[in-house]
Amino acid sequence: MKSSRRGFLKITGATAVGLGSMQVAGSFASSGTDDSVATKTSKNSAALTAKHWAMVIDTRKFHSAEDLEPMIEACDKAHNIPKHDDKNHEIKWLWKDEFKHVFPTIDDTYLNDRIKHLPFLVLCNHCEEPACCRACPTQATFKRDDGIVLMDFHRCIGCRFCMAACPYGSRSFNFKDPRPAIKHMNPEFPTRMMGVVEKCNFCAERLAVGKMPACVEASKGAILFGDLKDSESNVRKALKENYTIRRKLQLGASPAVYYIV
Amino acid sequence: MLELSIKGSKKYYGLLTILAGIAGIGVLFFLYQLKEGLGITGMTRDVSWGFYIANFTYLVGVAAGGVMVVLPYYLHDYKAFGKITILGEFLAIGAIVMCLTFVLVDLGQPMRILNVWIYPSPNSVLFYDTIVLFGYLVLNLVIGWNVLQAERNGTHYQKWLKPVIILSIPWAISIHTVTAFLFCGLPGRGFWLTAVLAPRFLASAFAAGPSLLILLCLLLKKFTKFDPGKEQIQTLSKIVCYAIIINVFFFLCEVFVAFYSNIPEHMDHITYLFMGLHGHGVLVPWMWASAIFMLTGIILLVVPALRRNETTLIIACVVIIVGTWIDKGLGMISGGFVPNPLHHVSEYVPTFPEIVITLGIYAIGALAITVLFKMAVSVKEEVGSA
Ligand code: SF4
Ligand code: SF4
Ligand code: SF4
């Protein structure tokens, strides 16, 4: 069951995870280890695939916090992110912060004025060497072959080891029931239960049906998303032509999110 | 032998009732937490581990500390400890029971705990930690039970037990090493990211565990016919003395490396704990208290006359237990999370329900230790070795 499910996730690339591991688990509960189910769903020709998904954020195209709102809102809406009143219990997949917080190790006293006051988008980096996956005692968080780091909300025991391990503060824990705090319910995406961890999933559910990530779509070209291993891809072109930085490179996690500054 | 634990005086039953009562209240609050979620604790998105994991870490140390009586007796044939090894083993059992309970109540989805073994993850230190902790529990149950049974029957314990006992010695070291590895292998947490964390955990464990054992021995002496012996207590107190000095030494090594190298990621956490950071410093008085407690403990134990005096020895043990608890419990966990990876300072303070649940777990542990100690003492009284 375990290996077939894991294989399933890999093949599909995945409506599976997109629609939530909830349904994956569900479909297997009824079908056992019947592989035909997997193959049927996997033949989604519309799915966007890559050897290694990566994101390039062109921060020159943003000037104020308002400029970032549409993207954050798009993500929140697409993924049923609850809005809790208590800041301590916040669930954040995509949010904004200042340079000195996003890049604390390269923050500088006499920083360029624009960058100093510019809000930066923050999200899971989908690290090539993800400390979160290393730490997880149940493989509830795992890295797919295409580089996307995903969560299985139904396997997570809520130990929060991954939160301690993530050096980027990308993970949130459901300290309370998220459902009453969801403003716009998106029936296409599962809601989570109390007591599990979640984070940005690089919109795996949208890629699986041929759509770009919600934030990318809402960014009007300011965020690029593509295959890092394809030298002709949009992200590789952007990386070739622009100077980019990544967060806390010295930790060896190798983030897949690049920032043009 | 279990029957020995149910034949007791009124006082004994009174104690059991009180402990069971506290445990019961803890359970009620835990049910409340199950319903409402971990939001009822002081833990936050930034400080995602709190009191439960702190006490868990501390008690792994207490459990490992039991080895400080087992090792001299079985490995060095230090006969005097023969009288109290069983207490060290039973203390370890109680401590591990508490540890495992703390891990359980800390989970967001405790019903899924078995996923750790259903989907074994050799990458995860937590996976190994559950294995070594369970293993240590089983080892101590087997050893403690059989050795005590043999003592009661007036025979030597079974031959096959000896290798098991020897195994339990490195195993004790392993439980605290693996527990330290939970923290010190994480890339973004400068406070924990140090090779001296496991040795430091062990040093503080070998101070705290035997300190507690001394106090428990003295309690037994006062309330039962059991006399742990002067020499035993004195040897234990020397062990505590060395261990607490080594613990403080390791900490000072940390401070040197962090501040001489001047690397912010390493300095910030220590600064936060002892001086406060960006105007936040709930732990500052606690940390200084811890430092003063540990230093007081050292002075009281280094001076032979004070160590030999029962009153000052008791004070020394108490301040060392409290000092290391603050250091490892409050400081070690919160200190690692503050400031957070984005360099924001958000502080952690445990809530009332969280503290009640914690006390409940301590009561469960105390209950286990009381019953086990009762059994041990009754056997000793029976065979006249008390
Ligand atoms: S940013 Fe954090 S959560 Fe995301 S993959 Fe890296 S370690 Fe994991
Ligand atoms: S909280 Fe969930 S995803 Fe994170 S380490 Fe624990 S089981 Fe894995
Ligand atoms: S990639 Fe998708 S999940 Fe991640 S931040 Fe963008 S919209 Fe949210």
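All values derive from a computational prediction rather than experimental measurement. So that the names make sense, note that chain A is the first sequence line, chain B the second, and so on, each numbered from 1.
- Between the CG atom in A:Asn174 and the CD atom in B:Gln109 there is a gap of 9.5 Å [rounded to 0.5 Å].
- Note: A:His89 leads A:His84, A:Glu98, A:His89 in heavy-atom pairs under 4.5 Å with chain B.
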Before you tell me yes or no, could you show the steps for B:His344 and A:His101 under side-chain contact (heavy atoms from CB on, under 4.5 Å), namely the whole-Å CA-CA distance, both residues' side-chain angles and the distance that decides it to 0.1 Å? CA-CA 7 Å; B:His344 287 289; A:His101 291 298; 3.3 Å; yes
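- The contact between B:Met43 and chain A is made by backbone and side chain atoms together, counting heavy-atom distances below 4.5 Å.
- In this structure, chain B has a heavy atom under 4.5 Å from the side chain of A:Arg247, while its backbone stays farther away.
- Side-chain atoms of B:Trp49 never come within 3.5 Å of backbone atoms of A:Met163 as a donor-acceptor pair (strictly under, hydrogens ignored).
- By the 6.0 Å contact criterion, CZ on B:Phe181 is open, its count of non-hydrogen atoms from other residues, nucleotides or ligands being 12 or less.
- Put simply, SG on A:Cys159 and CG on B:Leu104 are 12.5 Å apart, with the number rounded to the nearest 0.5 Å.
- A side-chain donor from one of A:Ser172 and B:Arg45 sits under 3.5 Å from a side-chain acceptor of the other.
- Residue B:Asp46 does not touch chain A at all, counting heavy-atom pairs closer than 4.5 Å.
- No side-chain N or O of B:His343 forms a donor-acceptor pair with one of A:Asp107 less than 3.5 Å apart.
- Among the residues in residues 275-285 of chain B, none has a non-hydrogen atom closer than 4.5 angstrom to a non-hydrogen atom of chain A.
- Around the CH2 atom of B:Trp286, the shell of radius 6.0 Å holds no more than 12 heavy atoms that belong to other residues, nucleotides or ligands.
- When heavy atoms are compared at a cutoff of 4.5 Å, A:Phe173 approaches chain B solely by way of its side chain, counted from C-beta outward.
- The part of A:Lys248 that comes within reach of chain B is its side chain, from C-beta onward, which places non-hydrogen atoms under 4.5 angstrom from that chain.
- Looking at B:Leu114, there are no atoms closer than 4.5 Å to chain A (heavy atoms on both sides), in backbone or side chain.
- Top candidate by heavy-atom pairs under 4.5 Å with chain B, chosen from A:Cys136, A:Cys133, A:Ser170, A:Gly252, is A:Cys136.
- Heavy atoms closer than 4.5 Å to chain A are found in the backbone of B:Leu34, but not in its side chain.
- Ranked by heavy-atom pairs under 4.5 Å with chain A, the first of B:Asn115, B:Thr41, B:Ile53 is B:Asn115.
- For the pair A:Arg155 and B:Tyr119, the cation-pi criterion (under 6.0 Å, within 45° of the ring axis) is fulfilled.
- Interface residue A:Lys92: backbone and side-chain heavy atoms are both found under 4.5 Å from chain B.
- Nearest heavy atom pair, residue A:Ala135 against residue B:Ser124, reads O-OG, 2.5 Å.
- The CD1 atom of B:Ile118 sits 10.5 Å away from atom CD1 of A:Ile157, with the distance rounded to the nearest 0.5 Å.
- With A:Arg134 contributing its side chain and B:Asn123 its backbone, the two residues share no donor-acceptor pair below 3.5 Å.
- Between A:Gln250 and B:Glu265, the shortest heavy-atom distance links the atoms NE2-OE2, 3.9 Å.
- Judged by distance alone, with hydrogens and angles left aside, the side-chain atoms of A:Glu90 form no donor-acceptor pair with the main-chain N or O of B:Thr44 at under 3.5 Å.
- For the set A:Pro167, A:Pro104, A:Pro137, the entry with the most heavy-atom pairs within less than 4.5 Å of chain B is A:Pro137.
- Minimum heavy-atom separation, B:Lys35 to A:Met194: O-CE, 3.4 Å.
- Counting heavy-atom pairs closer than 4.5 Å to chain A, the top residue among B:Ser121, B:Gly336, B:Gly37, B:Gly188 is B:Ser121.
- No more than 12 heavy atoms of other residues, nucleotides or ligands shown are found within 6.0 angstrom of CZ on B:Phe352.
- By number of non-hydrogen pairs under 4.5 angstrom with chain A, the leading residue of B:Ser346, B:Pro339, B:Gly39 is B:Gly39.
- Among all heavy-atom pairs drawn from A:Cys166 and B:Pro341, the shortest one is O-CG, 4.0 Å.
- For a residue to count as touching a neighbouring chain, one of its non-hydrogen atoms must lie under 4.5 Å from one of that chain's; by this rule B:Asn340 does not touch chain A.
- In this structure a side-chain-to-backbone donor-acceptor pair under 3.5 Å is present from A:Arg160 to B:Asp106.
- Both the backbone and the side chain of B:Leu38 have a heavy atom closer than 4.5 Å to some heavy atom of chain A.
- Looking only at distances, a side-chain donor or acceptor of B:Arg112 sits under 3.5 Å from a matching main-chain atom of A:Cys156.
- With a 4.5 angstrom heavy-atom cutoff, B:Phe337 touches chain A only via side-chain atoms.
- Of the listed residues A:Val196, A:Asp97, A:Val102, the one with more heavy-atom pairs under 4.5 angstrom with chain B than any other is A:Asp97.
- With rounding to the nearest 0.5 angstrom, the CZ atom of A:Phe161 is 5.5 Å from the CG atom of B:Leu186.
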